[in-house]
Number of protein chains: 2
Amino acid sequence: MENLMPKTPTVYDVADLAGVSIATVSRVFRKPHKVSQATKDRVDAAVLNLGYVPSGSARSLAARRAGAIGLCFPDFDGIDGGPGPIVYTDGRVIEQLDPPEDVEPSGDLYLSEVMLGTEIEAWRHGMAVTIAVARGDEIFDNLAGRVDGMITLSRTVPERLLAHIARHIPVVVIAGTRAGDDYDHIGTDNVAGMQAMTQHIVESHGVRDLAFVGGPADSPDDHDRFEGFRMGLQAEGIEPPSEPLLRGDFTRSHGRMLGRRLVEAGRVPRALVCSNDQTALGVLDALLATGMRVPEDVIVTGFDGIDASQTSRPRLTTVRQPMRELGRAAVDTLLRRLGDPLMPPQTGTLPVTVLLRESCGCLA
Amino acid sequence: MENLMPKTPTVYDVADLAGVSIATVSRVFRKPHKVSQATKDRVDAAVLNLGYVPSGSARSLAARRAGAIGLCFPDFDGIDGGPGPIVYTDGRVIEQLDPPEDVEPSGDLYLSEVMLGTEIEAWRHGMAVTIAVARGDEIFDNLAGRVDGMITLSRTVPERLLAHIARHIPVVVIAGTRAGDDYDHIGTDNVAGMQAMTQHIVESHGVRDLAFVGGPADSPDDHDRFEGFRMGLQAEGIEPPSEPLLRGDFTRSHGRMLGRRLVEAGRVPRALVCSNDQTALGVLDALLATGMRVPEDVIVTGFDGIDASQTSRPRLTTVRQPMRELGRAAVDTLLRRLGDPLMPPQTGTLPVTVLLRESCGCLA
DNA sequence: CTGAAAGCGCTTACAG
DNA sequence: CTGAAAGCGCTTACAG
């Protein structure tokens with residue numbers, strides 16, 4: 001840092017110092033086996049000596065591939081709500097009471113697991129991963145222009161934008177439901193997972209009074225999970241409802257509200273099958289607060305397998321999504337698409353796992 | 001997808017169609033105010049018509065800046081342990097019992113929060129964020145060459161590599177302790193946070209029998225936190241120990257082990273101040289399992305403020321790190337450095353917050 | 001406000 | 001195994 005970082009060395013500098021052509025320098029990096037050991041050594045020495053790092057942009061431009069994948073995720077947290085100034089400190093510490101009521105977990109591991117899966121698989125294939133929170137149109141020139149393909153979580157990028165991007169580079173959508181033939185899609189087996197959960201409750205716990213606590217009516221995930229619930233009941237010879245008993249918005253606080261509402265209405269079914277973990281945890285909070293026992297009085301189950309589901313009391317029986325695999329599969333699909341642009345639209349469905357824990361009565 | 005994605009349109013195609021020069025096309029994107037509305041409209045129409053997306057690599061090469069920041073994080077999960085093949089499914093679901101003993105949370109939000117903070121601040125300044133798990137030397141040419149600067153979590157990238165990179169682009173290290181004058185550093189006020197926590201226990205709960213449960217002896221974070229603990233005791237007129245009572249490795253399972261060991265030794269202090277949340281949660285598990293009551297018999301506190309700390313029973317009193325701010329501050333520092341390469345090495349310390357919850361007795 | 005032209009730093013056939 | 005040369009698609013002074 002003390003030196004002025006003079007001019008960054010380029011292939012030309014390395015070539016000069018090593019006494020070879022720039023083509024040879026390039027080969028040492030990209031096709032080492034096509035270079036004799038002797039010249040390779042000379043080039044390596046020059047590289048080290050100069051502190052040379054190949055320019056990614058020049059490389060991408062010349063090679064006609066960015067060598068990177070874009071990953072776009074939703075602004076789930078209202079991120080754009082204007083972050084304040086950054087405060088630096090020296091010894092001052094704030095102390096504050098932190099009652100549970102005010103707590104809404106800042107997010108779960110879903111996002112970071114998908115990201116990790118994407119990163120792992122991408123780097124296995126020598127691709128970098130560039131991330132972006134979906135904000136507006138800027139994405140389109142800031143991200144789309146610098147990657148070979150894009151992965152996006154469902155309902156993250158406005159359709160119009162996505163269409164523009166897909167005209168340029170392949171796009172893979174994760175979760176939700178297929179958004180048409182212009183994108184490949186990787187999803188989770190919501191239907192089978194919820195059906196298995198439902199039948200488990202009926203068969204292993206002898207419960208026939210089940211109700212579904214849903215999420216937003218326009219969520220395709222919620223739709224599929226409710227469908228699985230209905231299929232499960234049907235398979236057990238129980239007449240399925242045409243609508244969820246209640247709907248929330250997938251948050252824990254809404255779950256609490258729904259739980260309270262059920263108790264107040266004096267009509268709590270023997271089992272509450274919730275459309276996601278956050279809702280289930282909220283329902284759990286509300287039921288326990290009124291003195292009901294889970295699972296003795298009511299069975300409560302979730303869907304997703306977020307971290308909080310395994311540390312709650314009682315621990316939540318749920319369906320785990322293969323989050324990391326979702327990212328990996330998306331990358332795989334993207335790379336196949338890149339290799340064969342004409343292949344028909346792909347749809348990948350990943351298997352889920354029903355985790356039997358305390359809230360259904362499977363574990364003490 | 002059905003069309004062959006013929007040849008991707010370039011500035012030349014847009015310029016031709018709009019009847020302007022390529023310089024003008026470029027200006028429409030980069031300096032719109034320097035172009036008359038009329039020609040701008042023509043260019044915009046051509047862009048839409050052709051589905052033009054500017055090439056990021058050509059842009060970066062010409063502009064001499066990548067327009068991206070690299071974020072490097074540790075392979076905390078043993079990621080490279082060979083991921084298996086991806087299984088696609090159709091209706092098959094695995095059911096499995098999931099007892100608590102086998103659970104080690106797959107990670108906490110620390111990483112994803114830092115990532116989010118980085119992303120938010122970077123995009124506010126028009127920079128993309130490219131992420132990478134630290135693996136080996138590949139980072140150096142895959143990531144370092146394509147970004148204008150790099151942010152890395154402490155002890156993530158081998159010193160030799162980091163030095164090579166820092167010769168090329170500025171590097172900001174997050175957490176841990178300063179690694180020399182070649183990098184800027186953003187950290188958290190470990191000392192003040194732990195001191196405040198310690199004094200809180202003494203002053204608000206009248207406890208004078210405190211012990212410190214540490215992490216790895218070579219962790220600078222652990223070192224600072226223990227130092228804060230000692231300073232807190234000293235300030236209260238209590239003779240501080242020279243070493244932690246016990247040391248774990250920052251994992252929950254190690255925490256459990258340490259908790260069991262304490263109980264078996266029959267020597268459990270009135271308050272256990274743990275060096276991080278995972279350790280504290282493990283200690284909590286072990287104590288509760290033997291019938292001890294927290295906080296009535298023993299006070300247990302953590303450090304970090306991970307999600308699990310606010311859903312445990314009892315909820316964990318802890319010191320929250322400003323994770324998202326850490327990322328934001330790192331980006332800020334990086335951009336300032338980019339703007340002024342000669343400025344002296346920077347060190348930023350962010351304030352922490354003591355969260356008073358149930359495990360110290362502050363909330364029922 | 002607009003255009004012609006040089007140049008950014010690589011990769012990649014093509015020759016040898 | 002190695003080199004000369006064209007070209008990747010932009011940005012940016014410089015003129016006008």
Side-chain angles (χ1 to χ4, degrees), chain A residues 6-44 46-47 50-68 126 141-142 144-148 168-169, chain B residues 6-44 46-47 50-68 126 141-142 144-148 168-169:
Chain A
K7 109 184 216 332
T8 324
T10 71
V11 254
Y12 295 96
D13 302 313
V14 176
D16 281 355
L17 186 57
V20 299
S21 74
I22 61 164
T24 296
V25 175
S26 175
R27 284 194 198 97
V28 168
F29 280 88
R30 309 308 158 203
K31 330 197 138 146
H33 53 281
K34 302 197 131 196
V35 180
S36 76
Q37 190 58 46
T39 68
K40 183 134 77 96
D41 289 344
R42 299 227 308 288
V43 171
D44 284 342
V47 166
L50 295 171
Y52 169 68
V53 175
S55 154
S57 46
R59 179 147 119 81
S60 298
L61 180 57
R64 261 151 270 220
R65 53 190 292 282
D141 42 306
N142 274 329
R146 62 170 71 238
V147 297
D148 294 313
H168 179 65
I169 50 173
Chain B
K7 111 184 215 326
T8 325
T10 70
V11 254
Y12 295 96
D13 302 313
V14 177
D16 281 356
L17 186 57
V20 298
S21 74
I22 60 165
T24 297
V25 175
S26 176
R27 284 194 199 96
V28 168
F29 280 88
R30 309 308 158 203
K31 332 197 134 147
H33 53 282
K34 303 197 131 200
V35 180
S36 77
Q37 190 59 46
T39 66
K40 185 135 77 97
D41 290 344
R42 299 228 308 287
V43 171
D44 283 342
V47 166
L50 295 171
Y52 169 69
V53 175
S55 155
S57 44
R59 178 146 120 82
S60 298
L61 181 57
R64 259 152 272 214
R65 52 189 293 281
D141 42 305
N142 274 327
R146 62 169 70 238
V147 297
D148 294 313
H168 179 64
I169 50 173

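Per chain, numbering begins at 1; letters A, B, ... match sequence-line order.
- Across all strands, A:K40 comes closer than 4.0 Å to no nucleic acid atom at all (heavy-atom distances).
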Could you walk me through whether A:R146 and B:R146 pass the side chain to side chain contact (heavy atoms under 4.5 Å, CB included) check?
-> CA-CA 10 Å; A:R146 62 170 71 238; B:R146 62 169 70 238; over 6 Å; no
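- Taken to the nearest 0.5 Å, the NZ atom of A:K34 stands 14.5 Å off from the NZ atom of A:K40.
- Annotation: side chain of B:Y52 is in contact with side chain of B:V11 (closest heavy-atom distance under 4.5 Å).
- Nucleotide D:dA13 forms a pair with no other nucleotide shown, judged by Watson-Crick or G-U wobble geometry with both contacts under 3.5 Å.
- Among the atoms of the strands shown, only primed sugar atoms or phosphate atoms (P, OP1, OP2) are found under 4.0 Å from some heavy atom of A:T39.
- At the heavy-atom level, A:S57 lies nowhere under 4.0 Å from the strands shown.
- Across all strands, A:V25 comes closer than 4.0 Å to no nucleic acid atom at all (heavy-atom distances).
- Base-pair partner of C:dA4: not found among the strands shown (Watson-Crick or G-U wobble, both distances under 3.5 Å).
- When each of A:I22 and A:K34 is assigned the nucleotide of DNA chain D with its nearest heavy atom, A:K34 is the one assigned upstream, toward the 5' end.
- Separation of atoms CG (A:D13) and CD1 (A:I22) is listed at 11.5 Å; rounding is to 0.5 Å.
- Taking every nucleotide of DNA chain D with any atom under 4.0 Å from a non-hydrogen atom of chain B, the first and last of them, 5' to 3', are D:dG9 to D:dA13.
- Closest non-hydrogen pair, B:A18 versus B:A46, comes out as CB-CB, 4.1 Å.
- Remark on DNA chain C: of its neighbouring residues B:T24 and A:R64, the 5'-side contact belongs to B:T24, judged by nearest-heavy-atom nucleotide.
- To the nearest 0.5 Å, atom CZ of residue B:R64 and atom OG of residue A:S57 are 10.5 Å apart.
- Closest-nucleotide positions on DNA chain D for A:A63 and B:S26 were compared, and the one nearer the 5' end corresponds to A:A63.
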